[in-house]
Each structure stands twice: as C-alpha cells, then as structure tokens.
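For the numbers below, each heavy atom of this structure counts, side chains included, while hydrogens, waters and symmetry mates do not.
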Amino acid sequence: MADQLLFNPRTYDPAHFDPETRRLLRATVDWFEARGKRKLIEDYRSRAWLAEFLEFSAKEGLFATFLTPASAADGQPDKRWDTARIAALNEIFGFYGLDYWYAWQVTILGLGPVWQSDNATVRARAAELLAQGEVFAFGLSEKAHGADIYSTDMLLEPDGDGGFRATGSKYYIGNGNAAGLVSVFGRRTDIEGPDGYVFFAADSRHSAYHLVKNVVDSSKYVSEFRLEDYPVGADDILHTGRAAFDAALNTVNVGKFNLCTGAIGICEHAMYEAVTHAQNRILYGRPVTAFPHVRRELTDAYVRLVGMKLFSDRAVDYFRSAGPDDRRYLLFNPMTKMKVTTEGEKVIDLMWDVIAAKGFEKDTYFSQAATEIRGLPKLEGTVHVNLALILKFMGNHLLNAAEYDEVPTRLDAADDAFLFRQGPARGLGAIRFHDWRAAFDAYAEVPNVARFREQADALCEFVTTAAPDEAQSRDLDLLLAVGQLFALVVHGQLILEQARLTGLDADVLDELFAVLVRDYSAHAVELHGKDSATAAQQSWALGAVRRPVVDEARSARVWERVEALAGAYEMAP
C-alpha cells in the first residue's frame with residue numbers, strides 16, 4: 001500500500017484540485033515517466049538544455065496556466081496564480097530533476113516585477129509570451145555585488161527622448177540564454193539615491209543583449225549577460241524609485257517559497273531509492289535494514305521529510321490568506337526557504353550514510369539528489385541571511401500574540417492577487433502573530449510534543465531574562481544560534497497545525513518531535529559554547545537541554561511505515 005504522506009507517481013491523483021489543474025499535474029508526471037530514468041539521467045549528465053521539456057510545457061500550456069494571474073488572463077478561467085498548485089508542481093519538478101524546477105523557478109522570478117507593474121503593455125507582452133511557451137529571467141544579481149541591489153552597476157543613461165540607454169552586466173541569471181523577457185534592475189545616472197532605481201523589461205534576443213556564458217556546469221543555464229547601449233523606452237519601464245526596490249524584494253518573497261517543495265520532491269525520490277536498496281542489500285547474512293543504527297537513520301530521515309511536507313503545506317495557507325492586515329507569511333516564507341531546505345540536506349545525508357557508495361553510482365537518481373539538495377539552501381539568500389530575517393519576528397511571535405481568525409486549508413481555485421500588491425518591503429518588526437501555544441496545547445498528550453513544549457517555553461524565558469545585550473546584538477554568530485532555536489519553535493508550530501488539519505498518525509508525530517527535541521538540545525549546546533555567551537546564557541542553554549521520550553514500540557511502528565517504502569516506487573527505465 002502506498003504511503004499517503006509521500007508523493008508516489010504510481011498512485012498520484014490530485015483530486016483536491018480543479019479538473020484542469022488535475023489534468024496538467026498528472027500530464028506532467030506522465031511525461032517524465034514516459035521519458036524514463038535513463039534519459040532523465042543522461043540529460044542531467046550531458047547538461048542538455050531543456051528544449052523538449054519546454055516544448056511539452058508550451059503544448060500543454062503548463063506555465064501559461066499556472067503563472068498567469070487572473071488580472072492578465074483575459075477571462076480564461078483556468079489561468080490564475082494559485083500558490084497551492086504551484087507548490088504541487090514544484091514537488092513534481094524536484095522529484096524528477098532540479099534542472100526542470102530551476103527553469104520554472106526563474107520564470108516565476110522574472111514574472112514577479114511584471115505582475116507587480118501597472119505597465120499594461122509589458123503585462124500583455126508577458127501573457128502572450130507565456131502562451132507561446134517562453135521562459136523568463138530575473139536580472140538582479142551582479143558579479144561584483146551579488147544581490148546587493150543598493151550597489152547595482154546596471155546604469156541607465158537618459159537618451160534625451162524620454163527613454164534610456166542601459167549598459168552593464170548581470171550574473172547568476174537563470175534562463176538568460178533563452179528568456180523572452182528579462183526583468184532587469186538598474187539605476188539612472190541622473191538621479192542619486194533610491195529615487196534612481198529602475199526595473200525594466202529586456203529581450204534576450206535583442207542585438208544589444210550579449211550572452212557571455214553559463215557560469216555553472218549544468219543544464220541549468222545560470223547566465224552572465226551584458227547590455228551595451230540597450231534601448232529602454234517608456235513601454236519597457238516596470239517600476240521606478242522606491243517601488244523598484246520593493247518590487248525586487250517582494251518578487252523574492254514570492255520566489256523563495258518554491259524552494260521548500262522542490263527540496264521535498266528531491267528527498268521523496270531519493271528515499272524510495274535508498275530504502276529499496278537498503279532493504280535488498282545483504283550484509284553478514286542480514287538485510288542492511290536489520291541493523292538498529294540503519295533503522296534509526298532511515299526513520300529519522302522519514303519523519304524529517306514528513307515534517308518538511310507538513311510545514312510547507314501549512315505555510316501555503318498563510319501565503320494564500322495574506323493581506324495588508326495579515327503579513328504573517330513574511331515569517332513563514334523565509335522559514336520554508338531556510339529551515340525546510342536545510343532539513344532536506346539532513347534527510348539526504350541520513351540516507352546517504354546508509355547506502356554509502358550506492359549514492360555515487362551514475363545510474364541512480366540519488367547521486368544527483370545528493371548534489372542538487374545542496375543548492376536550495378543557498379538560493380534566494382543564504383541560510384544566514386534568512387535566519388537573520390527570521391530573528392526580526394522573534395519577540396512578537398513568542399511574547400506578543402494577537403487575535404486572528406483561524407486560517408483554513410487553502411486548496412480552493414482562487415487567484416492569489418495580494419502577492420503582487422504586497423506594498424512597501426518594511427515594517428517587519430511590527431507584524432503580530434497568533435498564539436503559538438494553541439498548536440502545542442492541542443497535542444499536549446503526545447509525549448515528545450510535551451517535551452518540546454518545555455523547550456519552547458524556555459526560549460520565552462531566555463528572551464525575557466537573558467536576551468542578548470546591546471553589544472551582543474552586533475554579534476551575528478551568537479544571534480544565529482538563537483535564531484536556530486526560534487526557528488525550531490516556528491517549525492514545530494506549523495507542523496502541529498497541519499497535523500491537526502490532516503489527522504496525522506500520532507506515532508509519526510511523536511517520533512518527529514523526538515527528533516526536534518534532539519535538534520533543540522544540540523542548538524542549545526551550540527549557544528552555550530559561543531565566545532560571547534554570558535554566564536546567564538550559558539546556564540540557560542544547558543538548562544534547556546532535554547532527552548526525548550523513548551518508546552520502542554512506537555519507533556517500531558514508524559519503522560514499519562519506512563520499511564514499506566521498499567519497492568513502492570521505481571522510475572521506469
């Protein structure tokens with residue numbers, strides 16, 4: 001029987017979506033399955049551009065249907081920006097190969113400034129390009145400055161006729177080799193400061209657009225390109241001034257959410273391979289899975305993966321229910337990018353410890369999964385950048401709860417229009433949250449949830465009695481250790497909310513929280529060892545260490561679920 005918590009192409013039927021979404025998701029799975037594992041791996045290893053995949057997408061109208069908001073859909077009812085189905089497609093792409101996900105992800109980023117713009121000409125052009133099956137690109141980063149948009153060297157010189165001539169280069173720009181439209185961030189030479197920022201639309205086929213190279217050795221075309229005296233007319237301008245800056249950050253808000261479900265898909269495919277191999281491998285007369293340490297590692301990998309899915313699914317609901325008076329998604333979004341993707345690395349590492357040399361073999365999906373999973377925590381801002389962002393919310397989240405209506409599960413066929421009118425990218429410290437304790441109270445009888453709750457309450461004590469002082473507030477190394485503890489509390493909260501909405505098996509939940517208790521203790525010990533930790537902070541850290549509640553019968557029951565994954569799915573050759 002297929003595990004209901006993991007994606008399995010053999011049994012996949014997204015019946016919770018509308019008929020066209022369901023058809024497109026299933027058609028995508030079928031295209032990959034028909035292509036077969038051998039061809040998928042061959043394309044990955046030969047670094048082949050994704051031409052055939054993009055032909056499939058164009059023929060089916062996949063990108064056009066999923067990435068055209070209702071406001072630009074010209075009344076076509078199936079076109080909308082629906083985060084729930086976008087997340088489902090992320091998972092499928094991750095399952096079959098991150099190269100496919102990347103072309104889609106960068107298209108999403110390239111469309112962000114367009115759909116936030118009031119420029120009707122460019123919006124209509126983008127909708128038409130999507131309908132033709134084109135991909136898009138997001139021209140933000142530069143070789144010298146990375147994503148430091150304050151320091152952009154893409155310069156727009158006024159041409160005297162109301163337009164500009166753009167000159168400068170961009171780096172790390174996915175799809176830069178083929179994008180029908182590139183959203184490019186730059187600054188005017190005649191205006192100083194933020195008022196000089198400009199977002200404009202460029203065409204990679206224009207003679208003044210020069211493709212330099214692919215900066216990575218991959219099918220993912222992560223380009224360097226240069227504009228030389230590129231003409232930018234009024235019809236090409238997407239945003240100016242502070243609005244251009246906000247459009248950049250708000251686009252990243254939309255795009256970074258896709259990393260978590262891409263990581264989930266990678267881990268799911270790798271897990272089928274790993275468990276099947278371990279179960280069939282005989283060492284010293286016994287299956288590898290007979291060894292206690294192997295069972296522990298594979299069980300930990302499984303429950304961590306389940307936690308990734310629960311958190312990400314619940315975060316979708318907050319994303320889709322967001323509005324000017326409810327910006328809680330701005331915490332849960334960097335959490336999906338930072339916490340879920342790093343959990344993905346742990347899942348792969350745990351399985352790799354079990355299958356060892358098998359993980360290097362060229363005819364496995366696992367070998368590319370082990371490489372690709374490393375990239376996701378490093379995209380759309382590093383782990384450190386996102387962890388520092390998460391810290392901005394800690395005080396209000398832990399200690400200053402506000403009243404909100406409960407957010408329901410959001411799988412409805414609605415257009416998430418607010419994502420393209422998020423407004424100014426500031427005021428994060430003023431955002432309020434509902435009481436995190438309610439999610440824990442609902443599962444107070446689950447032993448390891450209760451044990452983790454002790455640690456979460458201890459963090460509130462830390463914030464009120466041993467918080468970093470003014471000098472320590474400039475010590476990012478110390479603050480990041482605190483951030484890891486806070487991230488675990490938020491991670492546990494949304495897992496519990498989704499567990500209640502979906503009726504998650506209590507054994508799986510208890511086993512998952514045993515892992516989280518260990519993680520919290522490890523981060524507390526890390527904080528204890530920081531150079532600048534005070535005596536009070538060191539004492540608090542050791543006092544927050546807890547041992548998970550051990551239940552051998554529970555662990556054995558969860559292991560049976562893991563063991564059942566052996567042979568549950570193998571991609572057609």
Side-chain angles (χ1 to χ4, degrees), residues 106-119 121-123 125-126 129 134-216 220-252 255 380-381 425:
V106 178
T107 293
I108 287 173
L109 291 170
L111 286 166
V114 176
W115 298 144
Q116 292 177 69
S117 175
D118 293 328
N119 186 325
T121 300
V122 179
R123 287 170 61 88
R125 190 197 320 167
L129 288 169
E134 297 279 0
V135 293
F136 291 68
F138 186 53
L140 187 68
S141 295
E142 298 176 9
K143 187 173 185 178
H145 310 296
D148 176 9
I149 56 182
Y150 295 99
S151 304
T152 180
D153 287 329
M154 177 63 71
L155 303 180
L156 284 82
E157 183 84 26
D159 64 6
D161 294 322
F164 303 91
R165 293 283 172 165
T167 298
S169 63
K170 293 290 179 178
Y171 204 77
Y172 302 130
I173 310 303
N175 294 349
N177 61 316
L181 188 152
V182 186
S183 297
V184 182
F185 185 85
R187 60 183 173 89
R188 297 172 58 164
T189 58
D190 60 329
I191 297 179
E192 292 293 328
D195 289 342
Y197 293 139
V198 179
F199 241 125
F200 63 96
D203 184 349
S204 68
R205 298 166 181 83
H206 195 282
S207 59
Y209 179 106
H210 303 286
L211 184 65
V212 179
K213 62 180 177 180
N214 187 355
V215 305
V216 299
K220 291 182 284 293
Y221 206 103
V222 187
S223 71
E224 177 183 6
F225 72 80
R226 180 168 182 82
L227 302 185
E228 291 281 2
D229 205 32
Y230 185 99
V232 179
D235 285 348
D236 300 315
I237 300 294
L238 298 170
H239 304 275
T240 60
R242 179 73 197 197
F245 181 92
D246 290 336
L249 297 185
N250 291 336
T251 293
V252 173
E380 323 313 345

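Residues R165 and P231 have side chains in contact (heavy-atom distance under 4.5 Å, counting atoms from C-beta outward). Looking only at side-chain heavy atoms (C-beta outward), R123 and W115 come within less than 4.5 Å of each other. Residues R187 and L155 meet the side-chain proximity criterion, which asks for heavy atoms closer than 4.5 Å. Within the 4.5 Å cutoff, side-chain heavy atoms of I149 are placed close to those of L140.
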* Asked: Hey, mind stepping through V198 and R188 against side-chain contact (heavy atoms from CB on, under 4.5 Å) and telling me if it holds?
  -> CA-CA 7 Å; V198 179; R188 297 172 58 164; 3.6 Å; yes
* From CA spacing to verdict: side-chain contact (heavy atoms from CB on, under 4.5 Å), V114, R125 -> CA-CA 10 Å; V114 176; R125 190 197 320 167; over 6 Å; no
* Should L181 and V122 be marked as a side-chain contact (heavy atoms from CB on, under 4.5 Å) after you check the CA-CA gap, both sets of side-chain angles, and the distance that decides it? -> CA-CA 9 Å; L181 188 152; V122 179; 3.8 Å; yes
* Before giving the answer on side-chain contact (heavy atoms from CB on, under 4.5 Å), spell out for F200 and L238 the whole-Å C-alpha distance, their side-chain angles and the decisive distance to 0.1 Å. => CA-CA 5 Å; F200 63 96; L238 298 170; 5.6 Å; no
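Between A166 and V232, the closest heavy-atom pair is CB-CG2, 3.9 Å.
With rounding to the nearest 0.5 angstrom, the NE2 atom of H145 is 7.0 Å from the OG1 atom of T152. Annotation: the span from S223 atom OG to Y172 atom OH amounts to 12.0 Å, rounded to 0.5 Å. Put simply, OH on Y171 and NZ on K213 are 4.5 Å apart, with the number rounded to the nearest 0.5 Å. We find the OG1-CZ distance between T189 and F164 to be 8.5 Å, quoted to the nearest 0.5 Å. Between atom CD of residue E224 and atom CG of residue L211 there is a gap of 9.0 Å, rounded to the nearest 0.5 Å. Rounding to the nearest 0.5 Å gives a distance of 11.0 Å between OH of Y230 and CG of L156.
At distances below 3.5 Å, not a single donor-acceptor pair connects side-chain atoms of D161 with backbone N or O atoms of G163. Side-chain atoms of K170 come within 3.5 Å of backbone atoms of F185 as a donor-acceptor pair (strictly under, hydrogens ignored). When atom types are taken as modelled, the side chain of D195 and the backbone of G241 share no donor-acceptor pair closer than 3.5 angstrom. Judged by distance alone, the side chain of E142 and the main-chain N or O of D153 form a donor-acceptor pair under 3.5 Å.
Heavy atoms from other residues, nucleotides or ligands lying under 6.0 Å from CG of D118 number 12 at most.
Using cut-offs of 30° and 60° on the angle between ring planes, the pair Y209 and F225 is parallel. The aromatic rings of F199 and H239 stand perpendicular to each other, their planes meeting at an angle above 60°, with 30° marking the opposite boundary.
By the side-chain hydrogen bond (donor to acceptor under 3.5 Å, both in side chains) test, T251 is found to be paired with Q116, residues two or more places apart in sequence or in another chain being considered. Here S151 pairs with D148 under the side-chain hydrogen bond (donor to acceptor under 3.5 Å, both in side chains) rule; sequence neighbours left out.
Proximity of the aromatic rings of Y150 and F245 is defined here by a centroid distance below 6.0 angstrom, and this criterion is met.
Among residues at least two apart or in separate chains, side-chain hydrogen bond (donor to acceptor under 3.5 Å, both in side chains) pairs with a member in residues 173-186 are T107-N175.
Shown are L129, L109, I108, V106; of these, the side chain to side chain contact (heavy atoms under 4.5 Å, CB included) with F136 is made only by L129.
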